Amino acid sequence: MKAVIYEKYGTPDVLELRDIAKPTPKDNEVLVKVYSTTVTAGDWRMRKAEPFVARLFNGLFKPKKVKILGFELSGIIEETGKEVNSFKKGDHVFASCGFKFGGYAEYKCLPENDLIAIMPSNMTFEEAATVPIGGLTALRFLNKAGVSNGQNLLIYGASGSVGTFAVQIGKYYGANVTAVCSTPNVDLVKSLGADNIIDYKNEDFTKTATRFDCIFDAVGKTSRSACKHLLMPNGKYVSVFGSPGKSENDLLTLKELIETGKLKTVIDRRYTLGQIREAHAYVEKFHKKGNVVVNIFENQ
Ligand SMILES: NC(=O)c1ccc[n+]([C@@H]2O[C@H](COP(=O)([O-])OP(=O)(O)OC[C@H]3O[C@@H](n4cnc5c(N)ncnc54)[C@H](OP(=O)(O)O)[C@@H]3O)[C@@H](O)[C@H]2O)c1
């Protein structure tokens, strides 16, 4: 099968499209024919080993544990292991590969108990592939902060993958959402339901008179100390640089929100597996709008 391998840390040029053996599922695994995957911030961070702590996880001098990146995927189950009960051949699924990565390949084995679920019925493969990382991160951080009906929520960095999902989930929870983004993204963020927009190119959000029950830094570009005075007495500050925690069924929660029209995805650009270097170079600039997809097989 075709897969993108990386054997040293560095620029997008370290990513190489190669032919390798197709994997065989273990008894508890499904084999997914991968239709779409994405380039997330986590992918380029692991490629560059940035921050340095990535090396403690994946090898001090060169990638050892993970050689195929790709944090999330969608596709069709081609084969199931003997003990698999929840899925069958032909199921359309979407999944987070977690820190095992592996989406940049034509086939990927995943344990049936990992973060894998039947795809939302109203999404294409490329749309579904964008949901697990950005969607789960947004959902888990907003849950961690206990965002609820009627609260004032500020989302800093509302135009990225995590941010675009967070604006919509915040609205679903009934919060009054103030979104901070730059001028070119104002219309996009408004279309996702934000009640108020602060354009960070023209206005310093830390000077706003509003006070918030929750501030979510969805891009890791502000800080608790910069925002402290904007919080209500029991207000919560959460950042993507913290730990989101997790819950068993949260991929299914997102599926339900999508199928009931409460959540959609934003796709900025599309690439093929052969264009993976260009895709990484673009995403690494940190200005994508929503998500960047990599399509592997045609069937969108
Ligand atoms: N803790 C976790 O479990 C977890 C999970 C997923 C992601 N993350 C981290 O969360 C961060 C965001 O991930 P992502 O996938 O959402 O990133 P992303 O989609 O690449 O973010 C790009 C967006 O960020 C905005 N942005 C960049 N600099 C900004 C600034 N100074 N102020 C406001 N907005 C800014 C950009 O808007 P402009 O073009 O307008 O600047 C762009 O729309 C990454 O650092 C990632 O590593 C953490």
Side-chain angles (χ1 to χ4, degrees), residues 40-42 44-45 50-54 133-247 250 254 257 263 266 268 283-291:
T40 65
W44 63 256
R45 288 186 185 287
E50 181 187 305
F52 186 84
V53 71
I133 298 301
L136 287 181
T137 305
L139 180 73
R140 288 169 174 178
F141 276 107
L142 293 183
N143 285 346
K144 183 178 178 182
V147 172
S148 61
N149 194 26
Q151 288 194 336
N152 274 346
L153 165 66
L154 182 135
I155 295 167
Y156 185 79
S159 53
S161 177
V162 177
T164 50
F165 286 115
V167 169
Q168 299 173 81
I169 295 169
K171 282 313 299 169
Y172 168 69
Y173 281 156
N176 187 287
V177 175
T178 298
V180 184
C181 65
S182 69
T183 323
N185 294 320
V186 167
D187 287 345
L188 166 72
V189 171
K190 213 178 265 176
S191 76
L192 298 172
D195 300 283
N196 316 296
I197 313 254
I198 299 177
D199 175 351
Y200 76 78
K201 296 278 188 197
N202 295 320
E203 196 184 335
D204 179 354
F205 80 99
T206 65
K207 303 233 161 75
T208 182
T210 313
R211 293 296 173 260
F212 298 92
D213 301 281
C214 171
I215 296 177
F216 176 30
D217 177 6
V219 289
K221 297 276 189 183
T222 181
S223 65
R224 185 186 295 271
S225 56
C227 299
K228 216 168 138 194
H229 64 286
L230 298 178
L231 287 169
M232 308 259 229
N234 289 320
K236 300 264 170 45
Y237 175 88
V238 284
S239 163
V240 280
F241 285 157
S243 166
K246 59 177 167 184
S247 84
D250 45 15
L254 294 178
L257 291 183
L263 192 64
V266 174
D268 180 348
V283 174
E284 190 182 332
K285 288 185 190 147
F286 225 138
H287 291 295
K288 73 174 158 74
K289 301 169 197 298
N291 303 283

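Computed from a prediction, not measured in an experiment: that's the story for all the values here.
With sequence neighbours excluded, the residues satisfying salt bridge (Lys or Arg N to Asp or Glu O under 4.0 Å) with Lys171 are Asp195. Every residue meeting the side-chain contact (heavy atoms from CB on, under 4.5 Å) condition with Val283, not counting sequence neighbours, appears here in chain and number order: Val39, Trp44, Lys288, Val292.
Minimum interatomic distance between Val147 and Ala175 (heavy atoms only, all atoms of both residues): CG1-CB, 3.9 Å. Between Cys227 and Tyr237, the shortest heavy-atom distance links the atoms SG-CE1, 3.9 Å. Between Gly220 and Val240, the closest heavy-atom pair is N-CG2, 3.4 Å. Smallest separation of non-hydrogen atoms from Ala179 and Val167: CB-CG2, 4.4 Å. Contact detail for Leu142 and Gly170: the closest heavy-atom pair is CD1-N, 3.8 Å.
Sparse packing is recorded around CG of Asn234, with 12 or fewer heavy atoms of other residues, nucleotides or ligands lying under 6.0 Å away.
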>> Checking Asn176 against Asn196 for the side chain to side chain contact (heavy atoms under 4.5 Å, CB included) test, could you report, in this order, the C-alpha distance in whole Å, the side-chain angles of both residues, the deciding distance, and whether it holds?
In response: CA-CA 8 Å; Asn176 187 287; Asn196 316 296; 3.2 Å; yes
>> I'd like to know whether Leu139 forms a side chain to side chain contact (heavy atoms under 4.5 Å, CB included) with Tyr173, so could you lay out the CA-CA distance, the side-chain angles of the two residues, the decisive distance to 0.1 Å, and finally the verdict.
In response: CA-CA 10 Å; Leu139 180 73; Tyr173 281 156; 3.5 Å; yes
> Going through the checks in order, is the side chain to side chain contact (heavy atoms under 4.5 Å, CB included) test met by Phe165 and Thr137?
Replying inline: CA-CA 9 Å; Phe165 286 115; Thr137 305; over 6 Å; no
>> side chain to side chain contact (heavy atoms under 4.5 Å, CB included), that's the test. Do Val219 and Val162 meet it? Break it down for me.
In response: CA-CA 8 Å; Val219 289; Val162 177; over 6 Å; no
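Looking at heavy atoms from C-beta onward, Ser239 lies out of side-chain contact with Tyr156 at the 4.5 angstrom threshold. For the pair Phe216 and Val177, the minimum side-chain heavy-atom distance is 4.5 Å or more. Residues His229 and Thr206 are in side-chain contact: their nearest non-hydrogen atoms beyond the backbone lie under 4.5 Å apart. Considering only heavy atoms from C-beta on, Phe141 stays 4.5 Å or farther from Asp217 through its side chain.
Lys144 places a side-chain N or O within 3.5 Å of a backbone atom of Ser243 that can act as its donor or acceptor partner. Formation of a donor-acceptor pair under 3.5 Å by the Asp268 side chain with backbone atoms of Lys289 is found in this model. With Asn291 contributing its side chain and Ser161 its backbone, the two residues share no donor-acceptor pair below 3.5 Å. Of the possible donor and acceptor atoms, one in the side chain of Asp213 sits under 3.5 Å from a partner among the backbone N and O of Asn152.
To the nearest 0.5 angstrom, Ile155 atom CD1 is 10.0 Å from Gln168 atom CD. In this structure, CD1 in Ile215 is found 10.5 Å from CE in Met232, a value given to the nearest 0.5 Å. Atom-to-atom distance recorded for Leu154:CG and Leu230:CG is 7.0 Å, nearest 0.5 angstrom. Taking CZ from Arg140 and CD1 from Ile169, the interatomic distance works out to 11.0 Å, rounded to the nearest 0.5 Å. To the nearest 0.5 angstrom, Phe212 atom CZ is 4.0 Å from Thr178 atom OG1. For the atom pair Ser159 OG and Asp187 CG, the distance stands at 12.5 Å (nearest 0.5 Å).
Geometrically, Lys221 engages Phe286 in a cation-pi contact defined by less than 6.0 Å to the ring centre and at most 45° from the axis.
Each of Val186, Asn185, Val180 was scored for a side-chain contact (heavy atoms from CB on, under 4.5 Å) with Ser182, with one residue passing: Asn185.
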